[in-house]
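Reviewing the structure listed below.
Just so it is clear, the values below take in all heavy atoms, side chains as well, and ignore hydrogens, waters and symmetry mates.
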Amino acid sequence: MKVIIIGGVAGGATAAARLRRLNEGAEIVIYERSGYISYANCGLPYYIGGEIEDGEELTLQTPQSFFSRFNIVAKVNHEVTAIDRASKQVTVKNLATGQTFTDSYDKLIIATGARPALFGIEGTDCDGVFILRTVEDTFAIKSYIDQKKPRTAVIAGGGYIGIELAENLVRAGLRVTILQRPNQLLQPLDYDMACLVAAKVKREGVEVRFGASVKGFEEADGKILCKLADGTKLPCDMAVAALGVLPDSSLAQMAGLKTGIKGSICVDGHMLTSDKDIYAVGDAVEVTNFITGQKALISLAGPANKQGRIAADNICGIPSVYGGSQGSSVIKVFDMTVATTGINQKAAEAAGIDCQSVVLSPSSHAGYYPGARNMTMKVVFENGTARLLGAQIVGHEGVDKRIDVLATAIRAGLKATELTELDLAYAPPYSSAKDPVNMAGYIIENIMGGRVKQFTWRDIAALRADGGAYLLDARTPQEYAAGHAEGFVNIPLDDLRSRMGEVPKDKRIYVMCHSGLRSYLACRILAQNGFNCYNFSGGYAFLRAVALGGGMPEVTFSCGAEK
């Protein structure tokens, strides 16, 4: 049996290695368009910033090492230009010599990945304008910085690559501006959680411009001019187009294979295309979203590796099935960590799911042990069923641990209320006796059980104008004086029982505190004394963080809130 694999990065290299482990006698050939195989896409920005010092560390295997270990022929700088399904042949161009030849296969795996989405932007071929997709792109950017010594950079796009590049260009000594057409960074996050990221990026000296649609680049007087849709021309010393990716599926389309969203390759659970001898894996394929059951594009290394293994299994007669993607991801944002799994609240609502979310700010470990820092968690669940839909976490230490627990809970089909039952490891340096994941479960359990009702930052402006609402801040007088949302009256939690006569029983009571705990306790006191009470989800700290990140222009603050 001869298997040809088009593409030798995550999915392709994994498929090749798995094939060899299952079938020592198979002939396996990889054709890779770039000059490298099995390289770490996700590590590319960190070489530019100097975090990874040796460029050779970016490649996990070379063609030589792959052949020595696996007896697999990996031909780099070889581009497959056509697939002839009838004759079961591919046409290959040697990019070093220009020679074209054909090669035959019994089984074919397409692992062409994704291509940068440029959306018709002009001038990307200008000297000093880059994209970042391959090792060669990385070396080109690093060489330009080392030789030209640019002082300013513009990044078009505020997704994962854009954010990672911003950090590493700052690390390399550049002043960086991110131009982002949507009103938030990192689209997998909900807007409020993305505001926390924007606030962090701005604190690190990166300028962020929302609503900025890039139309092209041009060179003028030794500068790069970034042309925006509003006619503005922003000068800089270098620019990077990081507007996202699209499936690199042109080969499949030309071969007449069935395609789906944005031209992605349609596959079944076995990663088999519409041709019984052709499989496809990785960023080029359409997947099923594990949460919604809808078709989706999820470009991540983890799914690509799993899909490569599954394709190899099926070629070798092992009936493996890919169960769908849930988009678990994590990103370093300077010294902060941002992670997500499942779907966000916006996506859930767009999918027609009746849902809500809880926001909490637990400590990374026991508060009495030195070094504890708060993280902000948002957990989304379905009303009625308590089905766990997704989670987002922004913080520092321990974020990756909690997102992985939540990702596992989603995959296992646990209800959000069952997070309370997880028996998680505890010692003061690592967690609290009630782990943040358990705490999220307790909050959701209280909501599902009717013990507490909640309101969010989106409700505040309307509530201030609502004559039937009474807004109460349960923090200390000192906290209140340092800054509070306008319209909230201060009655500290510890004084609430003695001052309950000040709270009007004929109004709905909306309570806020710093993190949501004291306001919950206040709601329990008030509810058991006949008040109709709502707890603010996330607390004042979350409210201010969202405001600082660019949200809530309709919500105003008083006293020292601007500090």
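Sorted by first and then second residue, the pairs that involve residues 246-257 and meet salt bridge (charged side-chain N to carboxylate O under 4.0 Å, His left out), not counting sequence neighbours, are R33-D248. Applying the ring pair (Phe, Tyr, Trp, His ring centres under 6.0 Å) test to pairs two or more places apart or on separate chains, those with a residue in residues 3-57 are Y47-F139. For residues 142-173, the set of pairs meeting the ring pair (Phe, Tyr, Trp, His ring centres under 6.0 Å) definition, not counting sequence neighbours, comprises F130-Y144. Contacts classified as ring pair (Phe, Tyr, Trp, His ring centres under 6.0 Å) and involving residues 238-279 (residues at least two apart or in different chains) are not found.
In summary, E397 and R373 do not engage in a salt bridge, as defined by a charged side-chain N under 4.0 Å from a carboxylate O.
Few gaps surround CD on E219; more than 12 heavy atoms of other groups in view lie less than 6.0 Å from it. Within a 6.0 Å sphere centred on NZ of K148, heavy atoms belonging to other residues, nucleotides or ligands number 12 at most.
Taking both residues in full, the closest heavy atoms of A242 and I161 are given as CB-CG2, 4.1 Å, listed atom of the first, atom of the second, then distance. For the residue pair A304 and A10, the shortest heavy atom distance occurs at CB-CB, 4.1 Å. The two residues K223 and D237 come nearest to each other via the heavy atoms NZ-OD1, 2.7 Å. Residues I110 and L257 come closest through the heavy atom pair CD1-CD1, 3.8 Å. Residues S357 and K378 come closest through the heavy atom pair OG-CE, 3.2 Å. Listed here is the closest heavy atom pair of D192 and V546: O-CG2, 3.6 Å.
In this structure, R171 and E51 have side chains that are in contact, with non-hydrogen atoms separated by less than 4.5 Å. R175 is listed as a side-chain neighbour of R151, based on a closest heavy-atom distance under 4.5 Å. Contact annotation: the side chain of L189 never approaches that of N344 to less than 4.5 Å [non-hydrogen atoms, C-beta and beyond]. Within the 4.5 Å cutoff, the side chain of V3 has heavy atoms near those of the I315 side chain.
Test V281, N314, I310 against Y322 for side chain to side chain contact (heavy atoms under 4.5 Å, CB included) and you get one pass: I310. Each of D127, I141, T152 was evaluated against M238; a single residue qualifies, I141, per the side chain to side chain contact (heavy atoms under 4.5 Å, CB included) test. V333 pairs in a side chain to side chain contact (heavy atoms under 4.5 Å, CB included) with only one of the listed residues (K200, E164, E204), which is K200.
With sequence neighbours excluded, no residue forms a salt bridge (Lys or Arg N to Asp or Glu O under 4.0 Å) with K202. Annotation: ring-ring contact (aromatic ring centres under 6.0 Å, His included) contacts of F66 (sequence neighbours excluded): F70. Taking the side chain to side chain donor-acceptor pair (under 3.5 Å) definition, one finds that D221 meets it with nothing, sequence neighbours left out. For D268, the salt bridge (Lys or Arg N to Asp or Glu O under 4.0 Å) criterion is met by no residue, not counting sequence neighbours. Here K332 pairs with E167 under the salt bridge (Lys or Arg N to Asp or Glu O under 4.0 Å) rule; sequence neighbours left out. The side chain to side chain donor-acceptor pair (under 3.5 Å) check on S65 picks up Q61, T62, with sequence neighbours excluded. Residues that satisfy the side chain to side chain contact (heavy atoms under 4.5 Å, CB included) test with T100, not counting sequence neighbours, are T91, K93. Among residues two or more places apart in sequence or in another chain, the salt bridge (Lys or Arg N to Asp or Glu O under 4.0 Å) test is passed with R20 by none.
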Criterion side chain to side chain contact (heavy atoms under 4.5 Å, CB included) on E286 and K258, from CA distance to verdict: CA-CA 11 Å; E286 178 185 78; K258 184 179 178 182; over 6 Å; no
